[in-house]
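Contents: one structure, followed by commentary.
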Amino acid sequence: MLDPRLFRQDPEAIAGALSIRGYDLDLESYRDLENARRELQTEMETLQHERNVVSREIGVAKRDGLDIEPLVVAVGDLGLRLDVVRKEFHKVQDELQDFLLDVPNIPDDSVPAGETDEDNRELYRWGDVTEFDFKPRDHVDVAGSSLDFESSVRISGSRFSVLRGPLARLHRGLIQLMLDVHTDEHGYEELYVPYIVNRASLMATGQLPKFEDDVFMVRSDTDSFLIPTAEVPVTNMVRDTIVSIEELPLRYVCHTPCFRRESGSHGKDTRGLIRLHQFEKVELVQITHPDHSWEALDEIVNQAEVILKRLELPFRAVSLCGGDLGFASAKTIDLEVWLPGFNRYREVSSCSNFLDFQARRAQARFRSGPQARPELVHTLNGSGLAIGRVLIAIIENYQEASGRVRIPEALVPYMHGVQFLEFED
RNA sequence: GGAGGGGUGGCUGAGUGGACGAAAGCACUGGUCUUGAAAACCAGCGAGGUUAACGCCUCCCAGGGUUCGAAUCCCUGCCCCUCCGCCA
């Protein structure tokens with residue numbers, strides 16, 4: 001959520017900044033709500049004051065043994081009037097709150113203009129695009145029966161996967177490698193968290209109330225949802241808390257499955273492991289002092305890159321344009337790995353700085369000293385990395401003409417020394 | 001799942017209808033004293049909104065209700081604790 005004070009001061013400036021995203025702020029509705037709120041609040045507080053004064057007099061009179069009847073009469077229908085005004089005030093206040101919760105974050109000045117992912121700005125590339133002396137196949141063809149969609153469709157339906165044998169081990173090895181690097185080398189604390197979260201947690205990180213269609217609700221309980229990303233439980237570690245300044249930055253790494261409805265993507269990316277209802281991800285989350293969040297974003301991008309470099313996978317970094325930016329993000333850098341089977345780069349990491357947007361919803365604050373008033377922290381996160389898509393990248397980039405796949409050196413220890421995977425058709 | 005007990009400031013904890021945003025202690029901050037520190041003593045010390053300021057309003061888990069007036073009484077929900085049951 002954006003700062004309501006900023007909204008009151010200069011709503012036009014906010015509307016202008018949001019147009020970078022292609023978001024059309026309804027200034028007229030805002031002004032109507034805000035004016036109504038102000039009037040009702042003033043009126044309500046005046047009435048409350050009157051009531052408090054008389055009530056106090058009644059108390060004194062009663063204590064002194066005086067007749068309180070005249071005073072009680074004097075209060076008259078104050079209570080009734082107050083009731084009416086208060087109800088109206090709460091109604092308007094709720095509407096205003098709903099309005100503000102639906103407004104996305106303001107993009108940083110460095111965010112490129114544009115509407116779709118084609119307008120994203122490439123920042124740099126690393127590694128050479130893999131060359132083959134044969135026509136590379138995509139991961140579905142290479143993995144053969146180890147990628148068992150016949151089973152996953154029977155068990156669950158489309159957009160799920162069953163991995164078998166060595167492929168499942170490789171998948172697990174990737175998770176271990178990433179967690180080890182981020183904990184041992186990058187100083188992150190590893191967390192294990194719930195995969196079912198409540199409404200308040202999803203409100204805090206920004207998935208609700210606007211994007212309820214994207215998350216799975218646990219049917220027996222309308223206040224419980226499957227996590228769409230570890231960002232939700234991990235960022236909510238600090239919801240409604242005040243940390244001391246010495247504790248910042250907090251660095252958390254967490255591996256979880258991610259569950260997504262993918263409701264807006266029917267027919268898109270239906271091949272293989274690219275877009276599923278359930279996939280694994282290792283997530284990096286930082287909670288920082290507001291002065292240091294931009295450095296932290298660079299840090300997260302670099303740390304995610306370390307994994308790709310360790311696996312010797314060619315990739316590029318792009319800065320998302322305004323139209324492609326997530327709801328809560330002020331700036332997002334994606335890392336895209338080269339996929340020979342698709343002949344294009346595909347996202348494996350998305351690193352975002354949310355500034356105080358999530359922190360305000362979450363009331364996540366810090367105190368710079370024992371006497372200082374609490375201030376909002378900044379929150380960031382980045383995939384470090386998406387497991388399924390990295391698995392695809394390894395299969396496709398390391399495939400050989402014979403059909404076997406070489407295991408990148410960094411992963412060999414996690415595969416008990418195995419250097420090649422052989423797949424059956 | 002059953003029975004009982006409870007949610008009050010950073011923490012402990014008093015408060016059962018009227019001057020209570022809330023005793024007391026701890027912690028913290030400033031001062032006195034001290035060569036310095038500790039101790040002792042004095043003072044300060046929750047959050048949000050609004051105001052140029054004085055001030056005013058709100059907040060004692062959350063939401064409703066009773067009342068001129070609610071931390072206090074009533075209803076609902078959430079959470080925590082103890083015992084029993086079940087269970088990886």
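All chains are named by letter (A, B, ...) in the order of the sequence lines, taking the proteins before the strands, and each is independently numbered beginning at 1.
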Report yes if a side-chain nitrogen or oxygen of [X] is closer than 4.0 Å to either non-bridging phosphate oxygen (OP1 or OP2) of [N]; otherwise report no.
| X | N | answer |
| --- | --- | --- |
| H49(A) | C56(B) | no |
| K62(A) | A19(B) | no |
| N52(A) | G18(B) | no |
| R51(A) | G18(B) | no |

Counting only Watson-Crick pairs (N1-N3 plus N6-O4 or O6-N4) and G-U wobbles (N1-O2, O6-N3), all under 3.5 Å, who is the partner of [N]?
| N | answer |
| --- | --- |
| A40(B) | U32(B) |
| G21(B) | none |
| G4(B) | C81(B) |
| C59(B) | G46(B) |
| A88(B) | none |
| A53(B) | none |

Integer angstrom distance from the [atom1] of [N] to that of [M]:
| N | M | atom1 | answer |
| --- | --- | --- | --- |
| U72(B) | C59(B) | P | 11 Å |
| C42(B) | C26(B) | P | 12 Å |
| A27(B) | C11(B) | P | 16 Å |
| G65(B) | A71(B) | P | 15 Å |
| C81(B) | U58(B) | P | 35 Å |
| G13(B) | G6(B) | P | 14 Å |
| G4(B) | G77(B) | P | 15 Å |
| A47(B) | G9(B) | P | 13 Å |

Would you kindly say whether [X] and [Y] are connected by a side-chain donor-acceptor distance under 3.5 Å?
| X | Y | answer |
| --- | --- | --- |
| Y252(A) | E283(A) | no |
| H277(A) | E262(A) | no |
| S350(A) | D334(A) | yes |
| R172(A) | Q176(A) | no |
| T183(A) | E190(A) | no |
| S145(A) | R164(A) | no |

Could you work out which one of [options] sits closest to the side chain of [X]?
| X | options | result |
| --- | --- | --- |
| V60(A) | C68(B), C56(B), A19(B) | A19(B) |
| K87(A) | C57(B), G65(B), G49(B) | G65(B) |
| S55(A) | G69(B), C56(B), U58(B) | G69(B) |

Using the closest heavy atom to pick a nucleotide of RNA chain B for each, name whichever of I242(A) or V53(A) lands nearer the 5' end.
I242(A)
5' precedence on RNA chain B between P374(A) and I58(A) (nearest-nucleotide basis)
P374(A)
Please classify the nucleic acid contact of [X] as base, sugar-phosphate, or nothing, using heavy-atom distances under 4.0 Å.
| X | value |
| --- | --- |
| E57(A) | nothing |
| R8(A) | sugar-phosphate |
| R37(A) | nothing |

